[in-house]
Asker: 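Can you read through this structure? Questions will come right after.
Along the sequence shown, residues are numbered consecutively beginning with 1.
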Amino acid sequence: MNTPERALLLSLHPRFATAILSGDKTVELRRQRVAVPPGTPVIIYATSPVMALTGTARLTGVDTAAPGQIWRRHRTNCGISKTEYTAYMDGAGHASALMLDSPRPLSSPVPLDHLRVTSAFHPPQSYRYLTTENLQQLVAGHDAADELLDRLSAPSSPRRTPHAAPPQPMTVSPSKQPGPLHSAALPASAALR
């Protein structure tokens, strides 16, 4: 199997996970610079009350700029109101729009309890990388294990959706490592369960 070295695991409130998997939301927001290469597979974890891996997507690009610029360029694709966006970005110097494509729900979500069978897995506050080996261990024995791993090994050929904004140049240095971030799907004080 020709699986990528790593995938991006995004923690999202169920409202946003559902919107991404239905294709209604094609941009996920972060309050910091995010350096993720286009074509990276994305695994979607829906937070409480769902608490499960629910689907996959592909990252087509990252647009990083001042929060006002990101809102102007991506407001129709980010799935939140201007009021929600302003509250979430309050105090942020930069915003990143993670542009997603090829959303696909899993036929059977992988619950948190299953993810913890082989390790002390803790969903990320915002996102983290999973190596192929880590993912194989986490989903081993679940009905959706082969489906999930097969999707990650599929060649990356992003399809543009009618909802997606044109890609903007990535303004992040490739050496910049992502730090701890908060999800646009959760208030900064919310803890994942």
Side-chain angles (χ1 to χ4, degrees), residues 7-50 54-105 123-129 156-192:
L8 185 69
L9 175 64
L10 283 178
S11 286
L12 302 168
H13 186 279
R15 166 186 161 198
F16 299 114
T18 299
I20 286 171
L21 293 173
S22 71
D24 292 333
K25 175 177 166 65
T26 59
V27 172
E28 178 56 23
L29 302 165
R30 293 295 183 260
R31 292 173 39 93
Q32 304 261 344
R33 293 179 184 269
V34 177
V36 182
T40 298
V42 175
I43 302 168
I44 296 169
Y45 176 84
T47 61
S48 184
V50 176
T54 59
T56 61
R58 287 269 169 194
L59 185 86
T60 61
V62 177
D63 183 10
T64 300
Q69 292 173 322
I70 294 296
W71 176 255
R72 283 188 292 281
R73 292 195 288 246
H74 300 285
R75 66 179 171 239
T76 60
N77 302 315
C78 63
I80 62 175
S81 69
K82 172 73 168 162
T83 301
E84 290 171 304
Y85 182 83
T86 300
Y88 174 64
M89 290 294 169
D90 186 39
H94 292 91
S96 289
L98 283 68
M99 296 172 283
L100 304 172
D101 199 353
S102 306
R104 294 176 62 194
Q125 179 67 30
S126 177
Y127 71 91
R128 72 179 249 202
Y129 288 102
S156 174
S157 58
R159 297 183 314 262
R160 302 298 305 159
T161 63
H163 300 289
Q168 299 294 322
M170 185 183 242
T171 58
V172 177
S173 165
S175 64
K176 184 89 171 165
Q177 293 296 317
L181 305 173
H182 304 297
S183 171
L186 298 172
S189 62
L192 294 177

Asker: Please list all pairs meeting salt bridge (Lys or Arg N to Asp or Glu O under 4.0 Å) that have one or both residues in residues 87-98, counting only residues at least two apart or in different chains.
Answerer: none
Asker: Distance-only, no hydrogens or angles: does the Y45 side chain make a donor-acceptor pair with backbone N or O of P124 under 3.5 Å?
Answerer: no
Asker: I want to check something: taking the side chain as every heavy atom from C-beta on, are I70 and Y85 in contact at a cut-off of under 4.5 Å?
Answerer: yes
Asker: Within this structure, what is the CZ-CG distance for the pair R75 and L29, rounded to the nearest 0.5 Å?
Answerer: 13.5 Å
Asker: Is there side-chain contact between I20 and V42, with at least one heavy-atom pair below 4.5 Å?
Answerer: no
Asker: When rounded to the nearest 0.5 angstrom, what is the spacing between CE in M89 and NZ in K82?
Answerer: 10.5 Å
Asker: Which value, rounded to the nearest 0.5 Å, describes the distance between T18 atom OG1 and K25 atom NZ?
Answerer: 11.5 Å
Asker: Report yes if some heavy atom in the side chain of I44 is under 4.5 Å from a heavy atom in the side chain of T56; otherwise report no.
Answerer: no
Asker: So which atom in D63 and which in M99 form the shortest heavy-atom distance, rounded to 0.1 Å?
Answerer: N-CE, 4.0 Å
Asker: Taking side chain to side chain contact (heavy atoms under 4.5 Å, CB included) as the test, write out the residues that go with T83, two or more places apart.
Answerer: S81
Asker: Is there a side-chain contact (heavy atoms from CB on, under 4.5 Å) between R15 and I80 once you walk through the steps?
Answerer: CA-CA 10 Å; R15 166 186 161 198; I80 62 175; 4.1 Å; yes
Asker: Do Y88 and P67 make a side-chain contact, defined as non-hydrogen atoms from C-beta onward lying under 4.5 Å apart?
Answerer: no
Asker: What's the separation between atom CG in L59 and atom CG in L100, rounded to the nearest 0.5 Å?
Answerer: 6.0 Å
Asker: Main chain of Q32, side chain of S96: is a donor-acceptor contact present, judged purely on distance under 3.5 Å?
Answerer: yes
Asker: Any side-chain heavy atom of R30 sitting closer than 4.5 Å to one from V62?
Answerer: no
Asker: Could you state the interatomic distance from CD (E28) to SG (C78), rounded to the nearest 0.5 Å?
Answerer: 9.0 Å
Asker: Specify the closest pair of heavy atoms between A19 and S22, including all atoms of both residues, with the distance to one decimal.
Answerer: O-OG, 3.0 Å
Asker: Less than 4.5 Å apart, side chain to side chain, heavy atoms only: is that true for P41 and R58?
Answerer: yes
Asker: Do you know which of R31, Q69, R33 makes side-chain hydrogen bond (donor to acceptor under 3.5 Å, both in side chains) with H94?
Answerer: R33
Asker: Starting at CG of L12, measure out to OG1 of T47 and round the result to the nearest 0.5 Å.
Answerer: 7.5 Å
